[in-house]
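What follows is one structure encoded as structure tokens, with my remarks underneath.
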Amino acid sequence: MSKTKIKQTSVSVIGIAVTTLATYLPYFKNTYGIDTSTMILSQKQMLDGYLSQGRFGIVWLFHLFIRNYNNQIVPFIVVPLLVIAGIYLYFILKKFDKSSSNFALTLFAIVFINNPVVYSQLYFKMQAIHIVIGLFCVLIGTHLCLSENKNIVKIIGGAVLFGFSLLIYQVFAFFIFSMFLFSMLLFKEKRTQILQSMFPSLVVAGIIYVISYVIASMTINYSSYGTETYMMWNKLGTLGGFQKLGAILMALIALGYAVLFVRTALRLKSGKKVDRLLLVLLIGSILTFNIAFGNVRPAPRVYFGAFSVVFAAILYLLAKKGGQYKWLAAAVTLLSVLFTFGLSQRANHSYDNDVKLTQEVVAYSKANNIPASDFDKTNVVFLGNLQAGNQGIYRKLQDIFITGATRTSFFQFDPPLTSVRPYDFMKTQGYNFAIPDQALRTQMTTQYSGLPDYPNEKAFTYSPANKTVVVKLSN
């Protein structure tokens, strides 16, 4: 390797490392969000939840390596691994794509790792390490399938790696499929090899997962969470107008995608050009989750991996064109980095708001002569759930990427008459207040609806008869 190429490679590696560290710098703050609080309070409850969702890989990794969850060390493991993943991806592309510029290769690696959908998975810190391990499984499996090893070795190795990623999180199937299409598009001279190794590996990985799921069903009662939250096909008759229209649209897209896939396969078999068809299939692969579930607006985190591949591939192809397209790709990459950085800051800000509100509840309780030893006998009722600092269209957009909903605060996430998240959060802060029943919440809502909204200091009141602290957040 010439000195010039060594210098270019060094600059790229440093650029990927520095960009990733800068993007996820706010992530190092010891904060946590929705669901991670459950892991902090009860690791067994959270792991049982993963088992009920068929995410066995996460549970196995916890049992093998993480006896007691430590939220504070997660970023110090995850972010360096992301840096390594970005650099590894850069070298995979550099090895097998000789026609691309170093600039395009670097941009691909940066935007693949530093985008809002990746953060939407990392926000749930209790699973972040496992998600990154699954990412490495896909990258190593792809690298293996592109290598010159015997085909049987590639199929078996790829199936094991891809299979384990599916056991960590089922949406990795869509990620692997997008990576397959990207490899087919980019590495033209290896298309036959990819078809004979990577695609069979994905199929075998799926079989491995199904067998594991069936065997585990003998001892595990599976949750209906995924079906109730995302699946639309099984309740098409009961869906509202917009959701039903969306499911029908997904059915039409699925039909068109299948026809396009078959046409591409036939043209490939006959030796005809398929580059444009593969590009359309690759871009369309971002909708494979929507097609599978008939859902037009799932949480952004389900696109993990598939979005990275498609988004990075588009910018990669633009950068390869050179000229103004090159700088357009660079500008979009910068926007992705900045937006992702902002998401992490937004999550931290929401956490700080929740800590502040918790401290104010504690201070008000003590001011009313309620000792900390009696907190577990004291109800706290929150009226409404619109906490100050959570308004605004841009913030709601950020929240959609962070949690999948237009809210991030523990005190805002669920309906106020039934929510338990505020009490779980306060418990993680060391304050075990009693959880009021729905009847008491309803009574307090009616009785104290005239209070001003938080953060007004008069938003707090105390009802000695019910031993209840009331906090008016919103109407």
Determine, step by step, whether Tyr454 and Glu360 satisfy the side chain to side chain donor-acceptor pair (under 3.5 Å) criterion, reporting the C-alpha distance in whole Å, the side-chain angles of both residues, the deciding distance to 0.1 Å, and the verdict.
CA-CA 11 Å; Tyr454 178 83; Glu360 291 180 8; 3.2 Å; yes
With a 6.0 Å cut-off on ring centres, are [X] and [Y] close enough?
| X | Y | answer |
| --- | --- | --- |
| Tyr169 | His130 | no |
| Phe172 | Phe304 | yes |
| Tyr351 | Phe425 | yes |
| Phe339 | Phe401 | yes |

Approximate separation, where rounding is to 0.5 Å, of Leu82 CG and Thr23 OG1:
10.0 Å
Does the side chain of Leu282 come within less than 4.5 Å of Val309's, by heavy atoms?
yes
Please indicate whether Lys29 has more than 12 foreign heavy atoms, meaning atoms of other residues, nucleotides or ligands, lying under 6.0 Å from its NZ.
yes
Within a radius of less than 6.0 Å around CH2 of Trp60, do more than 12 heavy atoms belonging to other residues, nucleotides or ligands occur?
yes
Are Asp35 and Arg421 within salt-bridge range, i.e. N to O under 4.0 Å?
yes
Before accepting this row, confirm whether a basic side-chain N of the pair Asp399/Arg395 lies closer than 4.0 Å to the acidic partner's carboxylate O.
no
Would you please say whether a donor-acceptor pair under 3.5 Å links the side chains of [X] and [Y]?
| X | Y | value |
| --- | --- | --- |
| Ser365 | Tyr431 | no |
| Asn379 | Tyr423 | no |
| Thr340 | Asn114 | no |

Identify which one of Ser183, Ser285, Ser308 satisfies the side-chain hydrogen bond (donor to acceptor under 3.5 Å, both in side chains) criterion when paired with Ser178.
Ser285
